[in-house]
Amino acid sequence: MDPNRQPYFPDGLNMLNDEFDISEPTHTQAGPSGSGVTPTSRPRKLTSDVWQCFNIVQMTLPNGASGLRAKCKFCHKNYATSTGGTGHLRRHMHKCMPAHGQVDTTTQTQLQRHPDGSVTSWQFDAMHARECLARYIAQTDQPISIGESPFYKELITSVYNPQYEPVSRTTTGNDLIRLFETERDDLVAEIQHLSVSVALTSDIWNACSKQDYLCVTGNYLDSDWRITKRIFGFRPMDFTHTVENIFNVIMEVLETYEITHRILSITFDNASANTSSIALFVARNIPQDGGYFFHQRCACHIINLVVQAGLKQVSDQIDRIRDAISWICSSNPRFSKFKRHCKLNGLKPRRFQTDMPVRWNSTYLML
């Protein structure tokens, strides 16, 4: 007998889709000649997809009677065929087929498109999901505990992927470190395959946590001759900003990417320590082409110095604006009156933070 042949139920067993009935044999009627009997209807073909995993067999039931059972083709377990439907058979099939190395084709296939235009079947990958979560946290500055949040799990499982499992903050932290190392290694490999020089910019950045960081950014032409900018280093500065310390931190970054011999220029602001560190780079023969274009001063910092010098000429007016803002925000009734005044004049009021330094911009000019 062909094992792939769709089975048929005998008389008395009618099935359609996922519902079937086991009932008494159908009534008969006399044939044309008056002798013998013929069934009123022929048995129907089994159309439910669960029967690719089961066979209908005749066997002795626990009560001693003979009856029909659904026997699994892979694990050979048998299940009842009842009027309740095929849900119990389907649940067994979803577990049994993958366990025996079979592909479950009864579920709807989801497709994914790749950047090269190819299309393949999508399968959930827990490691890839963790990597994407770490990348999302790094790019959007989310807390590392978001993966274990029950609200985040509810969002993902109910809208995007019901197979998502929460990820602890410890696991996410390790994933972030692994992602950083992978991205750094890829960037090192990319730089090594290029034959162009790299222009650096560096500055010391102050965090709100009172921690100082030195950032080193590289600008270069990629293989398609597009200007590319990458952050090479973001190192903590737990020591004084002396000439030697700044030089040592930048050199550690250059040695990590093996580009000490490919630096075209370094752009600093006008801090005296940055300017003095150029002599140490020249002593290490870092500059190319004699170092004529090696030290570049930051144009944005120069413009900022020009603006700050201009604001000193109107310091009295700025102080009056600051005093007015402080006076309005020091009392809730005053600020409510200020909001009513803005609405009457078609302006959108804004709650000012008096504990932050007041800057000269269009928001404060509204006063």
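Residues Y152 and V159 are members of one and the same hydrophobic cluster, defined by side-chain heavy-atom contacts under 4.5 angstrom among Ile, Leu, Val, Met, Phe, Trp and Tyr. The hydrophobic clustering, which links ILVMFWY residues whose side-chain heavy atoms are closer than 4.5 Å, places W205 and F268 apart. Y136 and L155 fall within the same hydrophobic cluster, defined by Ile, Leu, Val, Met, Phe, Trp and Tyr side-chain heavy atoms under 4.5 Å apart, directly or through other members. Hydrophobic clustering (side-chain heavy atoms under 4.5 Å, transitive across Ile, Leu, Val, Met, Phe, Trp, Tyr) keeps Y213 apart from V249. Cluster membership for L179 and M127, using ILVMFWY side-chain heavy atoms within less than 4.5 angstrom, is not shared.
Here I146 contributes atom CD1 and T140 contributes atom OG1; the two are 7.0 Å apart, rounded to the nearest 0.5 Å. Put simply, CG on D269 and CG on N304 are 10.0 Å apart, with the number rounded to the nearest 0.5 Å. Distance CG/L68 to CG/N55: 12.5 Å, rounded to 0.5 Å. The SG atom of C53 sits 12.5 Å away from the NZ atom of K71 when rounded to the nearest 0.5 Å. Taking CD of Q142 as the start and CD1 of I137 as the end, the distance is 7.5 Å to the nearest 0.5 Å. In this structure, the separation between CD1 on I204 and OG on S202 is 7.0 Å, given to the nearest 0.5 Å.
Each of T256, I259, L254 was compared with F232 under the side-chain contact (heavy atoms from CB on, under 4.5 Å) criterion, and only I259 meets it. In summary, of the residues considered (R169, K153, R130), a salt bridge (Lys or Arg N to Asp or Glu O under 4.0 Å) with E148 occurs for R169 alone. Applying the side-chain contact (heavy atoms from CB on, under 4.5 Å) test between I278 and each of V282, L280, T275 identifies V282 as the sole match.
For the pair I246 and A273, the tightest heavy-atom approach, listed with the atom from each and the gap, is CD1-CB, 3.9 Å. Considering every non-hydrogen atom in both S276 and V243, the closest pair reads CB-CG2, 3.5 Å. The minimum heavy-atom distance linking K73 with H76 is given by the pair O-CE1, 3.7 Å. Between F281 and M251, the closest heavy-atom pair is CE2-SD, 4.0 Å. Closest of all the heavy-atom pairs between Q192 and R262 is CA-NH1, 4.2 Å. Nearest heavy atom pair, residue L221 against residue L194, reads O-CD1, 3.7 Å.
Using modelled atom types, no side-chain atom of R297 and backbone atom of I302 make a donor-acceptor pair closer than 3.5 Å. With hydrogens and angles disregarded, no donor-acceptor distance shorter than 3.5 Å links the side chain of N274 to the backbone of N270. In this structure, N345 contributes its side chain and L347 its backbone to no donor-acceptor pair below 3.5 Å. Listed for the N245 side chain is a donor-acceptor partner under 3.5 Å among the backbone atoms of T240. Here the side chain of H92 pairs no donor or acceptor atom with the backbone of H88 at under 3.5 angstrom. Between the side chain of T228 and the backbone N or O of R226, at least one donor-acceptor pair lies under 3.5 Å.
Salt bridge absent: D323 and R320 never bring a charged side-chain N and a carboxylate O closer than 4.0 Å. Salt-bridge check for R230 with E183: failed, with every basic side-chain N at 4.0 Å or more from each acidic carboxylate O.
Under a cut-off of 6.0 angstrom, the local environment of CG in L344 is crowded, with over 12 non-hydrogen atoms contributed by other residues, nucleotides or ligands. Residue H341 places its NE2 atom among 12 or fewer non-hydrogen atoms of other residues, nucleotides or ligands, all under 6.0 Å distant. Other residues, nucleotides and ligands contribute over 12 non-hydrogen atoms within 6.0 Å of the CG atom of D224.
In this structure, the side chains of V167 and L133 come closer than 4.5 Å at one or more pairs of heavy atoms. Side-chain contact between K343 and R340 is absent, with no heavy atoms from C-beta onward closer than 4.5 Å. The shortest distance between side-chain heavy atoms of Y257 and V216 does not fall below 4.5 Å.
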Decide yes or no on side chain to side chain donor-acceptor pair (under 3.5 Å) for S66 and Q58, but give the supporting numbers first. CA-CA 7 Å; S66 179; Q58 188 87 15; 3.0 Å; yes
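Checked against side-chain contact (heavy atoms from CB on, under 4.5 Å), C215 has the following partners two or more places apart in sequence or in another chain: T217, I231, F234.
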